[in-house]
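What follows is a single structure, written as structure tokens, with notes after it.
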Amino acid sequence: MIKISFKFLIALFFISSYLNADEFKAKVKIKPQYPKSAYAKRISGYAVVDFLINEKGRTERQSISSAKCFNLIDKNGNYFWYNFENSEIKPAYDCKYFDFKALKASKQLIYENYIGKPIEHSYRYSFRHWSLIKVDSVIDLDSGDFVLE
């Protein structure tokens, strides 16, 4: 017979109440397919999927909280859209290119749920096209110039 002390059970309860979904790692991750429409247009981007991790570790109630398209990234990791026709730089824009593939991949995630109750969580899927422009400077959107820091 195994004896478990009352203090141990209380400590275990308090520890589990402080855990959040950021401390959970997915046991199973499926890399999403790159959308053909975005690939053909040389668009990179990301989609953030919010979902609930159920008691069994499966995801439920998936929804897209944000998604951006870009083709340029500066040294600080800021995303931009560079228009080649008129040499104009703008901030990354909201788009829907990656929503479907990110939602599909999020439905296949499996987590280890130690708490035993549903947990809210989000996961960011990145889609990087081979033609993504990376610059070793910072971009000033007001002037449209590359600024070395």
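Computed from a prediction, not measured in an experiment: that's the story for all the values here. The figures that follow rest on heavy atoms only: side chains count, while hydrogens, waters and symmetry mates do not.
Within the 4.5 Å cutoff, the side chain of Tyr79 has heavy atoms near those of the Tyr46 side chain. At a threshold of 4.5 Å between non-hydrogen side-chain atoms, the residues Phe127 and Pro32 count as touching. A 4.5 Å side-chain heavy-atom check between Tyr39 and Tyr97 finds every atom pair outside the cut-off. Side chains of Trp130 and Arg42 form a contact here, defined as non-hydrogen atoms less than 4.5 Å apart. Between Phe98 and Ser126 the shortest side-chain heavy-atom distance does not fall below 4.5 Å.
Rounding to the nearest 0.5 angstrom, the gap separating the CG atom in Asn83 from the CG atom in Asn71 is 8.5 Å. Atom NE2 of His129 is separated from atom SG of Cys69 by 12.0 Å, given to the nearest 0.5 angstrom. Rounded to the nearest 0.5 Å, atoms CH2 (Trp81) and CD (Glu88) are 12.5 Å apart. Put simply, NZ on Lys68 and OG on Ser44 are 15.0 Å apart, with the number rounded to the nearest 0.5 Å.
Leu132 and Tyr82 fall into different hydrophobic clusters, where Ile, Leu, Val, Met, Phe, Trp and Tyr are joined by side-chain heavy atoms under 4.5 Å apart, directly or via other members. Hydrophobic cluster membership is shared by Leu103 and Tyr111, with clusters built from Ile, Leu, Val, Met, Phe, Trp and Tyr side chains linked at under 4.5 angstrom. With hydrophobic clusters built from ILVMFWY side chains whose heavy atoms lie under 4.5 angstrom apart, Ile133 shares a cluster with Phe80.
Contact detail for Asp99 and Ala47: the closest heavy-atom pair is OD1-CB, 4.4 Å.
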Donor-acceptor pairs under 3.5 Å, side chain of residues 49-57 to any protein atom, not counting sequence neighbours: which ones?
from: Asn54; atom 1: OD1; to: Lys56; atom 2: N; distance (Å): 2.9
from: Asn54; atom 1: OD1; to: Gly57; atom 2: N; distance (Å): 3.0
from: Asn54; atom 1: OD1; to: Arg58; atom 2: N; distance (Å): 2.9
from: Asn54; atom 1: ND2; to: Glu60; atom 2: OE2; distance (Å): 3.0

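Glu85 is linked by a salt bridge (charged side-chain N to carboxylate O under 4.0 Å, His left out) to nothing, counting only residues two or more places apart in sequence or in another chain.
A donor and an acceptor atom, one from each side chain of Tyr125 and Lys101, are nowhere located under 3.5 Å apart.
In Phe100, the CZ atom is not crowded: 12 or fewer heavy atoms of neighbouring residues, nucleotides or ligands sit closer than 6.0 Å.
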